Amino acid sequence: MPFPALDDLLRDAHVVSLPLRDRFRGVDHREALLVEGPRGWTEFSPFLEYDDAEASAWLRATIDFGWGPEPRALRDRVAVNATLPAVDAGDVPRILRRYPGCRTVKVKVAERGQSLADDVARVRAAREFIGDEGRVRIDANTNWSVDETLAALTELAPFGLEYVEQPVPTVAELAEVRRRIADTSLGVRVAADESVRKAADPLAVARAGAADLLVVKAQPLGGVTAALGIVAEAGLPVVVSSAIDTSVGLAMGAFLAASVPVLEHDCGLGTAAMLTADVAREPLLPRDGGVDVRRIDVDVDLLREHAAENARRRWWFERVRASYELLAAGS
Ligand SMILES: O=C(O)CCC(=O)C1=CC=C[C@@H](O)[C@@H]1C(=O)O
Ligand SMILES: [Mg+2]
């Protein structure tokens, strides 16, 4: 992959701060650095709390999408799921109406400070909205123990779950959850997310037989090319998702979804609907249940309108330098 000079990355880079419509994963706005490479606009937006080593994988993705080879797309449109934050059940229809035509809903559960009753009410409201033919998946973001997972699934499985995403923190606990589910009639599959994207070895969870599916995300896994390598080696069904990116990062995810040989699960690429603003006059919003596979025509006026404060711009530039040095050192 061509490796641009650091100056090429930073010379015309923009940093934006985009408010979210509803608080999600503990944040109410999303910062991202955007830069135009020879292949088009690309994004660098590791979550703020990630260290430089983790962020360097995201920078590899940034460079791959802006400077690297165009992956061979097998499809020009991909189906996406609706993404439901940990909101009150009464708010569910308002939020799901932002995802016209989507037949799958991913429901955030196990939010700190909430109860299983809150999750049951939210999943019930999602199922009522999406209908019996729809698919409902839940994501606990590692917040349950093995016992809490089995207790929660006992209450939630009757609504019909496509899978439970990362209920517990470790690979060993995921394997134990799968074993315990197999001893019951719950019939819920287990998807690994954090055990893939935050692991030193993204394939360890697959090798351990600790998941039925893998969630793969372009930026955290080092880009489309690297993620396709993980998909090829995993030997498991995959779900392509994202990281609350701007439309540019979502487009990176759409190119990944377009290149995955077998795509049987709707993609977590509809989250432009969670943003109150974006960086393109034609953002990658979900329409008719999906998004197009296309490069994003970034509008420089929008970049200026939503520019982050100078102190934040400096913080992101420093983060790029630190991540770049780790990549250049071959780490
Ligand atoms: O998969 C989706 O529906 C959208 C992306 C999404 O849910 C997430 C993005 C980034 C971090 C988390 O908050 C969450 C996830 O864990 O999958
Ligand atoms: Mg997840």
Side-chain angles (χ1 to χ4, degrees), residues 18 20-32 43 45-50 54-55 57-58 61 78-87 92 95-96 98-99 102-112 122-123 126 130 134-144 149 161-169 174 177 189-199 202 205 211-221 227 238-247 249-254 256-257 263 265-275 284-286 289-291:
L18 305 176
L20 298 178
R21 294 182 187 280
D22 298 276
R23 194 167 180 76
F24 189 62
R25 79 173 301 282
V27 299
D28 54 19
H29 70 283
R30 190 75 168 91
E31 291 183 355
E43 178 169 336
S45 55
F47 293 116
L48 302 186
E49 70 275 17
Y50 288 2
E54 184 164 4
W58 295 58
V78 294
V80 301
N81 61 266
T83 302
L84 186 60
V87 297
V92 167
I95 291 176
L96 294 186
R98 295 182 193 142
Y99 298 85
C102 291
R103 64 184 176 181
T104 300
V105 181
K106 182 167 100 166
V107 185
K108 175 70 185 114
V109 295
E111 185 84 353
R112 299 279 187 225
R122 188 176 315 116
V123 169
I130 203 81
R135 299 175 189 172
V136 175
R137 55 183 72 153
I138 58 175
D139 189 349
N141 292 103
T142 76
N143 287 347
W144 283 331
T149 302
L161 298 180
E162 182 186 25
Y163 57 73
V164 57
E165 188 170 321
Q166 201 73 45
V168 292
L174 280 176
V177 165
R189 291 183 298 166
V190 176
D193 176 16
E194 283 82 349
S195 289
V196 178
R197 63 185 161 92
K198 294 178 72 74
V205 63
D212 299 289
L213 311 94
L214 298 189
V215 175
V216 291
K217 302 185 176 190
Q219 275 204 79
L221 293 179
V238 296
V239 179
V240 175
S241 179
S242 57
I244 321 301
D245 323 58
T246 77
S247 283
L250 291 171
M252 190 193 299
L256 172 57
L263 197 66
H265 300 275
D266 294 351
C267 304
L269 296 171
T271 55
M274 299 178 88
L275 301 172
L284 206 63
L285 286 165
V291 297

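The structure presented is a predicted model; accordingly, all values stated were derived computationally and were not measured. Read the numbers this way: they start at 1 and go in the same order the structure lists the ligands and their atoms.
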| field | Per-atom contacts of ligand 1 with D193, taking only distances under 4.0 Å to non-hydrogen atoms | value | 15 (C), 16 (O), 17 (O)
| said: Just so I know, are the side chains of L174 and P167 near enough to count as touching, which here means a heavy-atom distance under 4.5 Å? | reply: yes
| Judging by distance only, is a nitrogen or oxygen of N141 under 3.5 angstrom from one on ligand 1? | yes
| query | Does a donor on one side chain sit under 3.5 Å from an acceptor on the other, for R137 and N81? | reply | yes
| note | Counting from 1 in the order shown, the ligand 1 atoms closer than 4.0 Å to a non-hydrogen atom of G268 are 1 (O), 2 (C), 3 (O), 4 (C)
| side chain to side chain contact (heavy atoms under 4.5 Å, CB included) partners of R23, counting only residues at least two apart | D28
| task | Apply the test side-chain contact (heavy atoms from CB on, under 4.5 Å) to residues V105 and Y99: give CA-CA distance (whole Å), side-chain angles for both, the deciding distance (0.1 Å), then the verdict. | result | CA-CA 9 Å; V105 181; Y99 298 85; over 6 Å; no
| message | Just so I know, are the side chains of V196 and V205 near enough to count as touching, which here means a heavy-atom distance under 4.5 Å? | response | yes
| field | Test side-chain hydrogen bond (donor to acceptor under 3.5 Å, both in side chains) applied to K106 and D266, T83, D139, the passing residue | value | D139
| Taking it one step at a time, do R112 and N141 satisfy side-chain contact (heavy atoms from CB on, under 4.5 Å)? | CA-CA 10 Å; R112 299 279 187 225; N141 292 103; over 6 Å; no
| Which atoms of ligand 1 sit under 4.0 Å from any heavy atom of K217? | 8 (C), 9 (C), 10 (C), 11 (C), 14 (C), 15 (C), 16 (O), 17 (O)
| request: Check ligand 1 against S242 and write out every atom of the ligand that is under 4.0 Å from a heavy-atom position of the residue. | output: 5 (C), 9 (C), 10 (C)
| request: Would you mind telling me if ligand 1 is within reach of the side chain of Q166, the backbone, both or neither, using heavy atoms under 4.0 Å? | output: neither
| message | When you compare the side chains of E162 and T104, does any donor N or O come within less than 3.5 Å of an acceptor on the partner? | response | no
| message | Does any part of the side chain of T271, heavy atoms only, come nearer than 4.5 Å to the side chain of F24, both counted from C-beta? | response | no
| request: Measure from atom 4 (C) of ligand 1 to every heavy atom in T104, T83, D266 and give the option owning the shortest one. | output: T83
| field | 2.8 Å cut-off (strict), protein N, O or S atoms about the Mg ion (ligand 2) | value | 3
| query | Relative to the heavy atoms of T271, which atoms of ligand 1 are at a distance of less than 4.0 Å? | reply | 4 (C)
| remark: Quick note on ligand 1: atoms under 4.0 Å from a heavy atom of S241 include exactly 1 (O), 2 (C), 4 (C), 5 (C)
| field | Atoms of ligand 1, numbered as shown, that sit under 4.0 Å from any heavy atom of F24 | value | 7 (O), 13 (O)
| said: Counting C-beta onward and ignoring hydrogens, is there a side-chain heavy-atom pair between L20 and L275 closer than 4.5 Å? | reply: yes
| task | Measure from atom 11 (C) of ligand 1 to every heavy atom in R137, K108, K106, R197 and give the option owning the shortest one. | result | R197
| Looking at side-chain heavy atoms only, is the closest gap between D245 and M252 below 4.5 Å? | no
